[in-house]
Amino acid sequence: MSKEITSREQDYSQWYNDLVLKGGLADYSAVRGCMVIKPYGFALWENMRDVLDKMFKDTGHQNAYFPLFIPKSLFEAEEKNAEGFAKECAVVTHYRLKNDTANPGKLMVDPEAKLEEELVVRPTSEAIIWNTYKGWIQSYRDLPILVNQWANVVRWEMRTRLFLRTAEFLWQEGHTAHATREEAIAETQKMLEVYADFAENWMALPVIRGVKSANERFAGAEDTYCIEALMQDGKALQAGTSHFLGQNFAKAFDVKFSDRENKLEYVWATSWGVSTRLIGALVMAHSDDSGLVLPPRIAPLQVVIVPIYKGDEQKAKIDERVLPLIQELKAAGISVKYDDSDNTRPGWKFAEYEMKGVPVRIAIGARDLENNVAEVARRDTKEKASVSLDGIASHIKTLLNDIQEQIYNKAKAFRDANITPVNTWDEFVSVLDNKSGFVSAHWDGTGETEEKIKELTKATIRCIPLDNPQEAGTCILSGKPSTQRVLFARAY
RNA sequence: CGGGAAGUAGCGCAGUCCGGUAGCGCACCUGGUUUGGGACCAGGGGGUCGCAGGUUCGAAUCCUGUCUUCCCGACCA
């Protein structure tokens with residue numbers, strides 16, 4: 001089967017779909033808007049999950065698990081949050097099916113099994129968690145509560161895209177409770193930094209740390225912090241969010257604690273999450289027209305070895321040299337696969353592993369053995385080099401680190417080259433239409449202006465960068481005075 | 001949810017207008033030759049034509065409904 005990939009230039013959306021499908025990450029399913037994550041894609045997610053999970057635990061968090069279903073009355077308790085999600089909630093109304101007597105062999109919803117109270121399938125878990133926290137918290141001695149859960153959530157999206165926006169997706173959601181405002185804000189910022197660290201150092205994805213405008217804020221939050229990444233087509237993608245929830249949920253669920261002076265106070269809250277959407281970001285940030293390009297630190301498979309031989313005798317000699325090499329690489333903590341299957345030829349394997357984004361390929365043939373070398377090819381640049389078999393394991397280890405760094409540097413150079421400061425409306429529109437990427441511009445700080453800009457250009461404020469330099473200027477649309485630039489972009 | 005397109009073997013497609021034995025390439029199986037960028041020869045298997053109704057002697061083909069996907073829009077943390 002030939003697996004041609006649509007080029008980015010020809011059709012960026014189709015290129016993305018081709019990569020996800022042909023790279024073996026995911027498949028469509030029989031359920032509208034829901035995808036099947038295939039073993040290779042799930043292995044990638046597991047690697048990401050494991051790293052993040054360790055980071056959460058290293059910062060004092062513990063995992064727990066809360067129910068998938070949320071009684072409607074709990075869900076609606078925090079009004080803004082409920083309102084924000086209401087339009088995309090799946091709702092369970094019945095608990096039983098029965099045989100359809102009018103239609104033999106078919107089932108129907110049993111009208112007598114209607115639920116007394118409908119259950120909302122969680123689009124996020126603040127409600128059920130804060131309802132639970134009420135029972136866990138009495139005194140300041142019970143705080144902080146630092147809990148995370150790995151879960152699936154459902155948001156009934158109108159238009160879905162593999163990994164980027166699906167009706168059901170996997171994520172983690174951290175939910176913490178604190179005695180003071182300051183501590184909660186510090187937690188929000190700390191977790192944002194964990195996300196940024198993960199994105200940059202593991203996914204090789206440069207991100208901008210920032211705060212959302214009021215319009216883009218999480219429903220029910222006082223402040224939403226985010227990391228924003230730039231894709232190769234110049235569109236921005238929100239890669240993670242961390243919310244300072246103030247006392248909104250504590251008030252909605254009546255969660256109070258006695259402080260040291262025995263005064264009753266409402267608890268301060270945060271929540272933060274990243275999802276399988278990160279896989280979409282990974283694909284779009286690094287890959288090329290030959291397939292996926294995965295950063296070595298989270299690639300499901302770091303090295304593939306392809307033998308090239310004529311006849312069993314040569315194959316045996318190659319095995320003799322390769323098997324110890326595999327042990328050596330594994331001992332160095334490198335994941336490796338020896339693809340000596342005989343049903344495809346080397347050229348096919350080369351193309352296949354390029355499609356799957358395996359960072360390093362080693363090809364070994366009879367000629368190489370004579371010269372005590374192997375051909376080492378790196379996926380990111382497709383450069384090939386002849387490398388001595390003596391000490392090749394340490395060479396590979398260095399190479400993997402180098403690839404990780406190069407991928408990051410390349411993405412960062414692209415990102416930095418696509419943050420364009422503008423001072424006039426004409427420039428603003430022109431950059432969005434002709435260059436795209438982030439546009440750094442003055443904004444008067446009002447929701448009305450932001451909304452108007454969105455209507456006119458489809459660009460939204462992605463974030464107000466943290467540590468943003470303050471400078472006097474005038475809003476590109478309204479001309480009103482502004483104290484700082486913010487980042488606009490068209491986004492996923 | 002609106003507009004457009006598509007669904008026929010695992011994948012990519014032809015056949016549909018004009019109803020009459022379901023085809024091609026790749027993949028798969030067997031045997032052989034091969035193996036440094038998607039090998040070749042010979043033989044072989046596999047499809048209730050997305051699903052459900054309808055029209056007809058007869059439906060992949062015509063009609064109705066429905067599901068899934070893609071593109072564009074609306075919506076979206």
Side-chain angles (χ1 to χ4, degrees), chain A residues 1-6 11-14 16-18 20-22 27-35 80-81 83-89 103 106 123-124 126 153 155-162 164-167 169 171 173 212-221 223-226 228 237-243 245 271-275 277 290-291 306-312 314-315 318 339-355 361-371 373-375 377 382 384 386 454-455 458 460-463 491-492:
Chain A
M1 169 172 40
S2 91
K3 291 184 174 179
E4 292 300 310
I5 299 174
T6 308
D11 185 342
Y12 191 86
S13 294
Q14 195 54 49
Y16 174 79
N17 290 334
D18 284 354
V20 171
L21 297 169
K22 294 174 181 175
D27 258 341
Y28 295 114
S29 74
V31 190
R32 178 209 281 279
C34 296
M35 65 176 180
K80 281 189 181 148
N81 185 251
E83 236 182 83
F85 284 107
K87 280 179 294 188
E88 43 189 336
C89 285
N103 224 338
K106 306 285 187 189
T124 182
E126 276 80 2
V153 286
R155 298 177 184 179
W156 212 263
E157 302 287 352
M158 287 297 130
R159 189 173 172 188
T160 56
R161 297 200 61 189
L162 295 165
L164 296 174
R165 179 171 282 116
T166 47
F169 57 92
W171 77 344
E173 44 182 326
K212 288 289 186 189
S213 64
N215 286 2
E216 300 281 324
R217 196 176 286 154
F218 175 75
D223 260 320
T224 289
Y225 293 75
C226 63
E228 291 283 327
L237 186 133
Q238 176 177 298
T241 48
S242 183
H243 315 290
L245 302 173
S271 69
W272 27 273
V274 295
S275 71
R277 186 181 221 208
S290 300
V306 177
I308 296 162
Y309 57 92
K310 299 178 188 179
D312 293 345
Q314 283 190 2
K315 172 66 167 47
I318 293 169
D339 189 352
D340 63 347
S341 56
D342 198 30
N343 55 337
T344 54
R345 296 166 77 253
W348 193 92
K349 293 175 186 173
F350 292 175
E352 181 67 11
Y353 291 108
E354 275 168 13
M355 177 89 70
R361 179 185 76 232
I362 303 176
I364 301 186
R367 269 193 338 244
D368 298 313
L369 282 187
E370 281 172 23
N371 299 318
V373 297
E375 180 193 79
K382 292 202 188 161
K384 291 189 264 197
S386 193
K454 185 179 174 182
E455 266 174 45
K458 294 191 192 344
T460 49
I461 296 177
R462 301 319 302 159
C463 69
Y492 278 98

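Residue numbers begin at 1 in each chain, while the letters A, B, ... track the order of the sequences. Just so you know, these numbers use all the heavy atoms, side chains as well, and skip hydrogens, waters and symmetry mates.
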(request) Can you establish whether the number of heavy atoms outside A/Lys80 located under 6.0 Å from its atom NZ is more than 12? (result) no
(request) Return the nearest nucleotide to the side chain of A/Arg32; candidates are B/rC75, B/rU68, B/rG36. (result) B/rU68
(message) Considering every strand and a 4.0 Å limit on heavy-atom distances, what is the contact class for A/Phe350: base, sugar-phosphate, or nothing?
(response) base
(message) At 4.0 Å (heavy atoms only), tell me whether A/Arg345 reaches a base, stays on the sugar-phosphate, or touches nothing.
(response) base
(message) From C-beta outward on A/Asn17, which listed nucleotide comes closest to its side chain: B/rG37, B/rC71, B/rC76?
(response) B/rC71
(message) Can you tell me which nucleotide in B/rG37, B/rC71, B/rC28 comes closest to the side chain of A/Asn343?
(response) B/rC28
(request) Using the P atom on both, measure B/rG65 against B/rA5 and round to a whole Å. (result) 15 Å
(request) Output all residues satisfying ring pair (Phe, Tyr, Trp, His ring centres under 6.0 Å) with A/Tyr309, sequence neighbours left out; order by chain, then residue number. (result) none
(request) Counting Watson-Crick and G-U wobble pairs only, both distances under 3.5 Å, name the nucleotide matched with B/rU48, or none. (result) none
(message) Can you tell me the base-pairing partner of B/rG7? Count Watson-Crick or G-U wobble geometry only, both distances below 3.5 Å, and say none if there is no partner.
(response) B/rC67
(request) Report yes if at least one side-chain N or O of A/Tyr28 is closer than 4.0 Å to OP1 or OP2 of B/rC70; otherwise report no. (result) yes
(message) Categorize A/Ala366 for me: base, sugar-phosphate, or nothing, with a 4.0 angstrom heavy-atom threshold over every strand shown.
(response) base
(message) Using Watson-Crick or G-U wobble geometry with both distances under 3.5 Å, which nucleotide pairs with B/rG19?
(response) none
(message) Looking at A/Lys458, I'd like to know whether one of its side-chain N or O atoms comes within less than 4.0 Å of OP1 or OP2 on B/rA74.
(response) yes
(request) Name the nucleic acid region contacted by A/Arg277, choosing base, sugar-phosphate or nothing; use a 4.0 angstrom heavy-atom cut-off, strictly under. (result) nothing
(request) Using a cut-off of strictly less than 4.0 Å, decide whether A/Lys310 has a side-chain nitrogen or oxygen near OP1 or OP2 of B/rU34. (result) no
(request) Taking only the side-chain nitrogens and oxygens of A/Arg367, find out if one of them lies under 4.0 Å from OP1 or OP2 of B/rG36. (result) no
(request) Compute both the distance and the angle, then confirm whether A/Arg165 meets the cation-pi test with A/Tyr492: under 6.0 Å from the six-membered ring centre, within 45 degrees of the axis. (result) no
(message) Applying the Watson-Crick and G-U wobble criteria at under 3.5 Å, what pairs with B/rC29? Answer none if nothing qualifies.
(response) B/rG43
(request) Using a 4.0 Å heavy-atom cut-off across all strands, classify A/Ala351 as base, sugar-phosphate, or nothing. (result) base
(request) Look through every strand shown and name the nucleotide pairing with B/rG36 as Watson-Crick or G-U wobble, where both distances are under 3.5 Å. (result) none
(request) Consider the side chain of A/Met355, meaning its heavy atoms from C-beta on, and name the nucleotide among B/rU35, B/rG38, B/rC76 that approaches it most closely. (result) B/rG38
(request) Tell me what A/Glu354 touches on the nucleic acid: a base, only sugar-phosphate, or nothing, going by heavy atoms under 4.0 Å. (result) base
(request) Mind checking A/Gly33 for me? I need base, sugar-phosphate or nothing, with any heavy atom below 4.0 Å counting as a touch. (result) sugar-phosphate
(message) Quick check on RNA chain B: between A/Ile364 and A/Ala491, whose nearest nucleotide comes earlier from the 5' end?
(response) A/Ile364
(request) Indicate whether the side chain of A/Glu352 and that of A/Thr344 have a donor and an acceptor atom separated by less than 3.5 Å. (result) no
(message) Side chain of A/Glu157 only, heavy atoms from C-beta on: which candidate in B/rG38, B/rG37, B/rC76 is closest?
(response) B/rC76
(request) Using a heavy-atom cut-off of under 4.0 Å over every strand shown, decide if A/Val31 touches base, sugar-phosphate, or nothing. (result) sugar-phosphate
(message) So A/Thr344, base contact, sugar-phosphate only, or nothing? Heavy-atom distance under 4.0 Å.
(response) nothing
(message) Heavy atoms from C-beta onward define the side chain here; which of B/rU35, B/rG38, B/rC1 lies closest to that of A/Ile308?
(response) B/rU35
(request) Could I get the full list of side-chain contact (heavy atoms from CB on, under 4.5 Å) partners for A/Leu21, not counting sequence neighbours? (result) A/Asp27, A/Tyr28, A/Leu162
(message) Among B/rG36, B/rC70, B/rC76, which nucleotide has an atom closest to any side-chain atom of A/Gln14?
(response) B/rC70
(request) Tell me which nucleotide among B/rC76, B/rC71, B/rG37 gets nearest to the side chain of A/Glu88. (result) B/rC76
(request) Side chain of A/Arg159 only, please: which of B/rU68, B/rU35, B/rG73 is the nearest? (result) B/rG73
(request) Would you kindly compare A/Gly347 and A/Ala219 by the position of their nearest RNA chain B nucleotide and give the one closer to the 5′ end? (result) A/Gly347
(request) Would you kindly give the CG-to-P distance between A/Asp342 and B/rU30, to the nearest whole Å? (result) 12 Å
(message) Using a heavy-atom cut-off of 4.0 Å across all strands, would you classify A/Asp11 as base, sugar-phosphate, or nothing?
(response) nothing
